[in-house]
Amino acid sequence: MNLVQANRPALLERAAALASEDAGFAEFLRSAVLATDTEDLARQAPDRFEAILRQSYAHLKAYSGTGSKLSVTAPTQPGEPLVLDIVSPDMPFIVDSALAALRAAGGTVRLFAHPVVREPSGRALSVLHIHSDPVSDLDAMVNEIDSTMAEVGQAVRDWQPMLERLRKAISALSEQKSSLADEPLRFLDWLIEHNFTFLGMRDYRIDGETLAPVAKSGLGILTDGEVKVLRSGPTFVESTPQHAAFIASNEPLLVTKANVRARVHRRQHMDYVGIKIYDGGGKAVGELRIVGLFTSQAEATPHTEVPIIRRKIAEVMRKSGVDPIGHDGRALLSALDSYPRDELFQIGGEQLFEFSTAIAGLYDRPRVRVLPRIDRFDNFVSVLVYVPRDRYDGAARARITQYLAEVYDGRVSAFYPHFPEGELVRVHVIIGRIAGKTPQPSRAELEANVDALTSNFGDILMATATDPAVMSDYRTAFSAAYQSRNSAEDAHVDVGVLHELGESARVAIRLRSRDGADGALGLKFYHREHAIPLSDRVPMIEAFGFRVIDERTYTVTPRDGVERYIHDMVLAPSDGVVLDLDTRGPAVEAGLLAVWDGLGESDQLNTLVTRTALGWNDAALLRALSRYLRQIGISYSQRYIAQVLVNQSGAAEALVGLFNALHDPDETNRDAKADGARKQIAAALDAMASLDEDTIIRRFLNLMEAAIRTNAFQRDPEGNRMPALAIKFDSSMVEGMVAPRPYREISVYSPRVEGIHMRFGAIARGGLRWSDRPEDFRTEVLGLVKAQQVKNAVIVPVGAKGDLCPSAWWPVCRARRFRLKALPATRYLSARCSM
């Protein structure tokens with residue numbers, strides 16, 4: 001046997017065993033077990049459950065009277081339930097009303113059973129046995145349940161008297177038939193045919209400009225003269241100015257909503273039917289007020305079969321002039337058929353025509369529609385909101401209802417989502433008014449605001465696109481994570497970058513400020529087909545003087561299905577200084593791209609690009625000179641030299657300025673700029689407290705002065721720089737160079753290869769070779785050129801020799817799979833012919 005079902009047979013066997021010693025409890029136990037859900041029983045220990053039911057049986061035995069009696073057993077230990085027993089004569093609406101009352105008081109039902117037993121007299125008694133989670137306010141729960149069960153008793157007790165009173169009202173109305181249409185009478189007959197749950201009635205008589213209740217005329221929940229179901233502003237009243245207008249009108253009936261929720265059967269606002277009372281002369285002298293709920297049978301009845309409603313539908317179809325079997329006619333009938341039943345009772349014919357026509361137009365073209373109806377008593381606003389299905393979710397509904405509550409100066413009393421077939425969702429929102437005259441915003445204003453509230457990211461992108469053709473490919477491309485952290489403006493920029501990349505395997509980089517992030521910066525990497533590992537990005541960024549604070553990767557899938565990746569990184573300058581993006585942003589972006597593409601190296605010298613006016617090519621110049629210093633035997637490491645240049649960034653800028661002044665062929669004021677740069681370097685040297693820094697800067701200055709030619713300013717036919725930087729030095733001017741010193745020396749540098757070419761005279765003979773000694777290939781070349789001089793003694797006076805060595809950084813580039821074409825060595829040493 002299934003374990004979930006095991007407890008029921010055991011408890012039934014126990015009931016059978018008890019029949020001989022306590023027949024009354026045995027029968028009660030059996031009835032309670034059979035009336036309890038199987039899964040609820042499975043969670044009960046049989047002995048414990050029997051003990052609890054013995055308490056319930058004691059409450060049943062102690063019951064006497066005609067009303068309901070509630071007994072509450074509070075838990076004594078953690079984990080035990082709050083146990084409620086409600087004993088009353090068996091009647092309709094007990095279960096749903098009591099459970100709703102418990103939930104309204106904060107309870108959560110764990111188990112309930114509803115055995116019905118008979119007294120010796122034959123009267124059926126109902127025992128509603130409930131287990132609930134404990135509640136915070138036990139007294140409030142008891143009061144809520146007691147009040148609810150009292151109203152259930154009143155409504156059930158007076159059900160037949162209320163039907164008789166309604167029949168008398170129908171008879172009285174029929175006598176006024178000469179001045180009234182048949183439809184209201186048919187509607188009242190329809191109510192009696194199990195289409196309305198009558199909860200209360202009361203007679204009212206005209207007293208001046210208001211309606212006053214007739215003493216002792218109340219039935220059901222309106223028996224209590226203090227109970228009022230209408231509100232004017234914050235106050236509950238018997239009559240409103242709109243009632244006076246109703247009495248003065250030709251309408252015999254009023255069908256609307258009360259301002260009070262029912263406690264009986266269903267917890268929702270009660271329906272209110274007002275029937276005019278006439279004197280013998282046909283003059284309206286009062287009102288029979290009926291409150292209750294339309295039954296499920298009434299809700300299931302087609303609109304075209306409900307009196308009053310069917311007349312409104314026929315009038316709308318007649319006024320529209322469309323063919324009922326044509327496309328427009330079917331659309332209009334569909335709109336009317338799906339219209340909320342409560343609304344059809346209350347809405348006027350003109351407004352129904354306007355709204356149903358607007359709804360019919362949505363089937364062919366789904367879009368936002370907001371159709372508000374203000375209650376005739378100014379107590380609430382009923383709003384039908386239609387939105388495309390792909391825009392609707394719980395968050396959108398919350399935004400819509402909150403907006404409507406604000407615009408109508410009220411509160412959200414209820415909302416009812418409806419999901420018909422097709423591409424639309426309807427939300428019926430009831431906004432309860434607080435006080436004062438109801439605001440009346442235009443439909444155009446409401447729809448524009450709801451459209452903005454429900455527009456998804458793709459809609460916003462298309463609405464603000466400068467190139468809709470491009471943007472249409474990215475309408476649904478962005479993930480929810482991206483949308484939560486980026487605006488439509490951000491997406492437009494990102495789409496522009498991705499579109500420019502096209503099918504390229506390259507990356508794009510964008511540096512930007514981040515609003516509200518205390519000066520933090522944002523750096524985005526854009527790439528196609530695969531994500532870029534963090535280990536490939538972070539060291540390179542840190543070399544430019546940034547700290548990486550956070551990173552998020554977004555996958556973008558446009559219409560072509562090929563994934564693009566956006567890596568959004570949060571940065572901050574490591575020195576804490578605010579970066580001026582307008583002046584340095586483009587240079588930093590260009591430097592990062594150059595490093596990524598293998599045109600520049602990744603080391604601390606790139607920090608100069610961020611903190612000074614230098615570009616990545618200027619950092620490459622200083623790096624080339626640093627590598628040359630290593631070859632001629634400087635004692636400092638490359639890392640330390642880079643650190644000194646960053647620390648003495650002013651001197652580094654002046655060194656580059658001196659080099660440009662001396663060698664730029666377009667420079668027109670060469671001497672003045674060179675002198676200015678020398679003065680800046682001298683001033684920086686005077687301010688230095690470190691001997692190492694002084695020595696390093698002076699060695700760089702010496703190289704600047706010793707350089708006599710360079711290809712730094714040459715360009716290829718496409719306007720690009722040469723793939724390697726070559727600088728010719730007058731070796732006699734270079735400090736720290738060991739003997740013998742060549743006549744001239746050319747240092748060649750690129751991220752892929754480094755080289756030296758030296759000659760010992762103006763005319764010399766020699767060749768080129770590859771070296772596998774990256775740290776000291778100049779020493780190798782120097783030894784070779786000495787040997788060359790001996791060999792050349794009978795040909796030319798002196799020798800020459802050159803060496804090429806792959807850069808130590810180049811394996812890193814290859815690991816990243818940079819797509820650089822292999823270039824012949826002669827291109828790197830073009831200075832041999834041109835310098």
Side-chain angles (χ1 to χ4, degrees), residues 162-193 195-214 217-220 222 229-230 238-258 270-294 298 301 303-316 318 341-353 373 375-377 379:
M162 285 190 282
L163 289 181
E164 291 301 320
R165 179 67 186 88
L166 177 57
R167 291 189 178 100
K168 290 180 182 178
I170 294 172
S171 177
L173 273 181
S174 64
E175 297 176 2
Q176 308 295 324
K177 190 171 182 180
S178 59
S179 60
L180 297 173
D182 291 336
E183 201 70 2
L185 290 172
R186 294 184 180 131
F187 172 72
L188 295 177
D189 287 333
W190 179 79
L191 291 182
I192 295 175
E193 296 171 357
N195 289 306
F196 196 78
T197 300
F198 296 90
L199 299 182
M201 285 186 183
R202 186 183 290 154
D203 286 342
Y204 287 80
R205 289 293 183 266
I206 296 176
D207 183 7
E209 296 295 325
T210 63
L211 290 172
V214 176
S217 65
L219 295 172
L222 296 185
V229 297
L230 294 177
E238 297 284 11
S239 179
T240 69
Q242 289 80 7
H243 277 92
F246 163 60
I247 295 297
S249 71
N250 294 325
E251 303 175 50
L253 291 182
L254 169 66
V255 182
T256 185
K257 283 286 187 180
M270 290 186 288
D271 296 290
Y272 164 17
V273 179
I275 307 173
K276 280 184 181 177
I277 299 174
Y278 296 88
D279 62 12
K283 179 182 177 182
V285 295
E287 174 198 46
L288 172 62
R289 185 169 298 174
I290 305 171
V291 292
L293 299 168
F294 286 106
T301 303
H303 292 342
T304 51
E305 297 179 14
V306 179
I308 295 180
I309 290 178
R310 62 192 179 191
R311 182 180 62 185
K312 292 181 180 180
I313 291 175
E315 180 60 23
V316 168
R318 183 197 63 77
R341 175 66 55 85
D342 290 345
E343 284 297 291
L344 286 174
F345 280 122
Q346 301 172 60
I347 194 170
E350 288 295 327
Q351 196 170 41
L352 179 60
F353 174 76
R373 182 187 64 80
D375 168 52
R376 67 191 300 168
F377 298 111
N379 282 327

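Positions are given from 1, in the same order as the sequence printed here.
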E315: which residues meet the salt bridge (Lys or Arg N to Asp or Glu O under 4.0 Å) condition with it, sequence neighbours left out?
R318
Can I309 and R341 be said to form a side chain to side chain contact (heavy atoms under 4.5 Å, CB included), step by step?
CA-CA 9 Å; I309 290 178; R341 175 66 55 85; 3.2 Å; yes
Could you tell me whether the side chains of Q351 and R373 share a donor-acceptor contact shorter than 3.5 Å?
no
For side chain to side chain contact (heavy atoms under 4.5 Å, CB included), just list the numbers for L254 and R376, CA-CA rounded to whole Å, side-chain angles, deciding distance to a tenth of an Å, and then say yes or no.
CA-CA 10 Å; L254 169 66; R376 67 191 300 168; 2.9 Å; yes
Suppose we screen for side chain to side chain contact (heavy atoms under 4.5 Å, CB included). Which residues come up paired with E238, at least two apart in sequence or across chains?
R202, Y204, P213, K228, R289
Once side chain to side chain contact (heavy atoms under 4.5 Å, CB included) is applied, do any residues pair with R310, and if so which ones, sequence neighbours excluded?
E183, R186, P307
Mind checking what makes side chain to side chain contact (heavy atoms under 4.5 Å, CB included) contact with E164, not counting sequence neighbours?
R167
Hey, what do you get for CE (M162) to CG (L222), rounding to the nearest 0.5 Å?
8.5 Å
With sequence neighbours excluded, residues passing salt bridge (Lys or Arg N to Asp or Glu O under 4.0 Å) with K257:
D271, D342
How long is the gap from CG on D375 to OG1 on T256, to the nearest 0.5 Å?
4.5 Å
Is it the case that the ring center of F196 lies less than 6.0 angstrom away from the ring center of F187?
no
Among Y272, F198, F345, find the one that has a ring pair (Phe, Tyr, Trp, His ring centres under 6.0 Å) with F294.
F345
Are the side chains of D203 and R165 in contact, using a 4.5 Å heavy-atom criterion?
yes
Is the terminal nitrogen or CZ of K276 (NZ for Lys, CZ for Arg) located under 6.0 angstrom from the six-membered ring centre of F246 and within 45° of that ring's axis?
yes
Taking atom CG of L188 and atom CG of N195, what is their separation to the nearest 0.5 Å?
12.0 Å
For I206, all residues meeting side chain to side chain contact (heavy atoms under 4.5 Å, CB included), sequence neighbours excluded:
L211, I247
Spatial distance of atom CD1 (I170) from atom CG (D189) [nearest 0.5 Å]:
4.5 Å
Between CD1 on residue I290 and CG on residue L166, distance to nearest 0.5 Å:
5.0 Å
Heavy-atom check, side chain of K168 versus side chain of L288, under 4.5 Å:
no
Distance in Å, T240 OG1 paired with N379 CG, rounded so as to fall on 0.5 Å steps
7.5 Å
